[in-house]
Amino acid sequence: MKKEWLARGIVVLGLAIAVVIPTVGWWEQKQGMVVHAHMAETGGWSPEYLTAEVGKPLHLQLTSDDVTHGFAVGQLDQPAVDVVPGEMTDVTLVFDKPGKYTFYCTRWCSVNHWRMRGTIEVTGPEAANELVKPPLYVTLGLDIDADHQASVIPEEKPAAWRGALLDREIPDKYWDGEYYLSQTPVDLWLALRSEPSLDDLSDQEVWDLMAWVWKSNTTPEELQTGQEIFSANCAACHGENGAGDGVFAGQLADSSGDSESRHITGTQTQRPANFTDPTHMLSTSPAHLQGKIIRGGMGTGMPYWGAIFTEDQVWALVAYLWTFQFDMEAQP
Amino acid sequence: MTRMQEIPWVEKIPLHEQEVQIQERLQRPGRLNLYQLTWLRPLIESRWPQLILRVATLSGFVFTIAVGLFGSLVGSHNFAIIFVWIAWWTALKLVFIPFGGRSWCSICPIPLPGDWLQQGGVYQPGQHRFGMNLRWPKRFRGSWIQSGAFLLIGLFSAVTLTSPQVTGWVLLAIFGLAMGLSLVFEKRSFCTYLCPIGGFSGMYAQTSPVEVRIIEKDVCIQHDVKSCYQACPWGLYPVAFQDSSACGLCMECLRACPSDNLALNLRPFGTDLGRPKLSSRLDESFLALVMLGSVVTFAAVFIGPWGWLKSAAFEVGSLPWIGYALAYLVLNLLLLPAIFFAAVWTGEKLSTKNFSLKRAISTQAQVLLPLGLMAWIAFTVSFVLPKLHLVVSVLNDPFGWGWQLLGLNEINRMASILGISASLQVGLLLVGFFWSVSVSRKISTQNSKKPQRLNLPVVAFNLLFTLAMLWLLVG
């Protein structure tokens with residue numbers, strides 16, 4: 001009978017071990033901050049609201065329950081990390097300013113990829129005493145939803161280097177950075193066309209001059225930054241070459257197609273903007289593009305990026321968008 | 001299969017036939033009684049080693065259920081998926097069954113709680129304690145329900161094999177069912193009549209090189225207590241063993257026999273095969289065909305290049321899945337049985353004039369066993385080898401919760417093994433084919449004056465099956 005009780009003890013002990021290990025592990029798991037990533041269609045980030053304190057490190061364990069996602073925090077100088085199904089990625093974040101931060105997915109996980117966003121509320125001593133400067137499109141009072149069409153367009157893609165080779169005198173006011181931000185390429189072309197000193201140039205040559213002036217507002221480094229942001233965040237819908245034909249473009253535009261995604265968005269999405277279309281782009285100012293990027297397309301399917309990109313990043317992106325219209329190289 | 005409740009020689013077979021069979025069996029050469037090896041005997045005689053193994057598998061089983069239900073949703077990183085469907089399922093088909101027959105049954109954790117309830121103990125088999133102790137209904141005997149259970153697994157396999165939560169629930173359900181049935185029916189009724197793995201192992205155990213058998217029949221006949229039958233948790237009487245399909249290798253009869261008249265024999269592979277069957281039951285033939293149909297289907301779904309087939313099998317309840325389910329059932333319930341029955345019928349017609357078709361089918365179905373076993377092994381090799389590294393990775397982090405039990409950050413994939421894998425699969429399938437041909441020859445030379453004619457149709461069936469598997473796995 002002693003043996004019988006010993007045997008029963010061993011069975012119970014074995015069962016206890018089998019139950020205790022997962023329970024303890026589960027408890028420890030609850031202590032840490034684990035963020036699960038799902039495609040937006042099945043819930044996005046969980047939890048999607050986190051809190052932190054200024055200066056105190058926030059440790060996160062990230063894991064995906066479906067496909068590979070990415071994790072980055074907007075306005076924060078922290079490289080994006082991959083969130084791989086079934087694996088844990090450890091991230092430590094430190095915030096030096098209070099406020100609301102947006103964390104978001106950096107991998108094109110599904111057509112509603114950009115909806116995978118969450119908030120980190122960072123509290124601190126000097127909460128919200130900084131004055132927020134409104135963005136330029138607000139200051140200028142632009143209606144960024146209004147229809148706009150270029151009255152003139154060039155015959156071929158204007159090239160900044162051809163404009164530079166013409167070596168013509170251009171009034172100082174057009175070189176001004178403020179002028180660039182608030183005017184459209186058509187505005188500048190019309191202004192240059194009406195300059196008596198440039199009367200001898202053909203329309204195409206004036207376009208080249210225009211591109212030359214436009215290029216002076218950016219640098220190769222800025223264009224590089226803009227390109228990186230575009231590839232990571234915009235090309236999924238707008239396409240790598242800006243033609244509005246990214247991998248998700250078809251699903252966004254197909255009104256009969258993915259009813260599930262529309263059920264979530266509650267809106268009718270449109271085809272992504274085509275940056276290679278001159279009638280559209282040449283009648284747009286940098287401030288207008290900035291507005292579209294930070295505010296989003298309001299029901300068109302274009303997300304808002306104001307919570308994610310810094311102002312410099314937005315301007316770099318705008319600068320890069322012009323490369324779809326103009327040859328911005330210094331030499332042929 | 002031979003169970004005490006349905007021993008054909010007790011019910012039907014004339015005494016002189018029994019005598020002949022038992023004599024034949026006893027005189028068969030090539031046996032090594034492992035129970036007489038001095039170093040092995042204590043390990044079998046004592047219940048402790050087996051009990052410790054069963055406790056280990058029981059703990060692992062409960063742990064697996066917990067991980068399946070609460071761990072990572074990602075199958076490839078969840079211990080439950082990898083351990084059940086990669087590690088254990090592979091070990092079963094590559095080691096336990098081919099080399100040990102029903103040896104897994106001897107350490108299976110599923111009946112342990114039921115045994116405890118029924119017998120009032122886990123170490124010392126006591127008297128009957130709890131439960132109604134009913135006989136299993138006669139009309140549900142045989143392996144029909146096991147075939148059905150296996151078909152059910154096949155219908156939902158794509159989901160069960162990839163979703164940890166479904167795997168967790170399935171294991172829990174099996175556990176509950178086994179425990180519940182132990183309170184209603186006597187002994188190992190769940191294992192004998194319901195467990196699909198029991199059906200699978202039991203059938204292929206006939207090819208394995210292990211058997212429990214009596215040594216001297218006269219000793220048994222004169223022993224009026226029949227301690228071996230009293231001790232057997234399965235309710236089997238070893239004197240009646242004609243093949244190894246029913247015996248769970250629990251060793252209780254060896255421990256119980258006062259005359260040391262039982263042997264755990266090492267024997268040549270496939271010893272049970274090639275005998276003319278005396279019964280005309282078709283349940284085992286049907287189970288053998290279901291195993292063939294299932295392995296073909298699984299190879300097509302899991303190894304084949306057809307994405308639409310995979311998604312059809314995965315989207316349970318959808319229209320494509322219903323199509324998949326119908327095709328799977330038609331293949332197993334109609335197509336394969338019809339082709340096989342036609343092959344047997346043709347063979348018999350060509351060679352003899354008077355025959356019982358049922359009996360012929362039940363005899364000829366033995367050739368399907370080596371064929372099916374080797375096909376399952378080949379499928380397992382192709383399915384599992386590329387995934388073996390996952391076994392290490394889920395040991396490191398069973399729940400997918402970021403644990404580092406083994407301190408491994410990166411687990412290297414073993415891609416290079418794939419090259420050998422293809423030729424290994426071809427070899428395994430060929431072994432299966434020629435082995436089944438030799439069983440077929442053995443049957444036909446005993447049975448007919450024109451053995452070649454009896455042989456040909458069934459061999460053609462086997463060839464067709466082997467070619468289909470070759471095409472699916474390596475073609």
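Naming: A, B, ... by sequence-line order, numbering from 1 per chain.
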Any chance CZ of Arg107(A) has more than 12 other-residue heavy atoms, nucleotides or ligands included, within less than 6.0 Å?
no
Highest number of heavy-atom pairs under 4.5 Å with chain B: which of Asp65(A), Thr63(A), Asp90(A)?
Asp65(A)
Heavy atoms only: give me the nearest Val11(A)-Leu58(B) pair and the separation to one decimal.
CG1-CD2, 4.0 Å
Measure the spacing between CG of Leu6(A) and CG of Leu51(B) and express it to the nearest 0.5 Å.
9.0 Å
For Phe70(B), I'd like to know if atom CZ has over 12 heavy atoms of other residues, nucleotides or ligands within 6.0 Å.
no
Contact class of Ile17(A) relative to chain B, heavy atoms under 4.5 angstrom:
neither
Give the minimum heavy-atom separation between Ser59(B) and Ala18(A), together with the two atoms involved.
O-CB, 3.2 Å
Would you mind telling me which of Ile21(A), Leu15(A), Val19(A) makes a side-chain contact (heavy atoms from CB on, under 4.5 Å) with Phe63(B)?
Ile21(A)
So which heavy atom on Val122(B) is nearest to which on Glu4(A), and how close?
N-OE2, 2.7 Å
Please flag which part of Leu112(B) lies under 4.5 Å from any non-hydrogen atom of chain A: side chain, backbone, both or neither.
side chain
Would you mind checking which part of Thr89(A) comes under 4.5 Å of any heavy atom in chain B, side chain (CB onward), backbone (N, CA, C, O), both or neither?
neither
So which part of Val84(A) gets closer than 4.5 Å to some heavy atom of chain B, the side chain, the backbone, both or neither?
neither
From OH (Tyr123(B)) to NZ (Lys2(A)), nearest 0.5 Å:
13.5 Å
How about CH2 on Trp5(A), more than 12 heavy atoms from neighbouring residues, nucleotides or ligands closer than 6.0 Å, or not?
no
Where is the tightest heavy-atom contact between Lys3(A) and Trp48(B), given as atom of each residue plus distance?
O-CH2, 3.6 Å
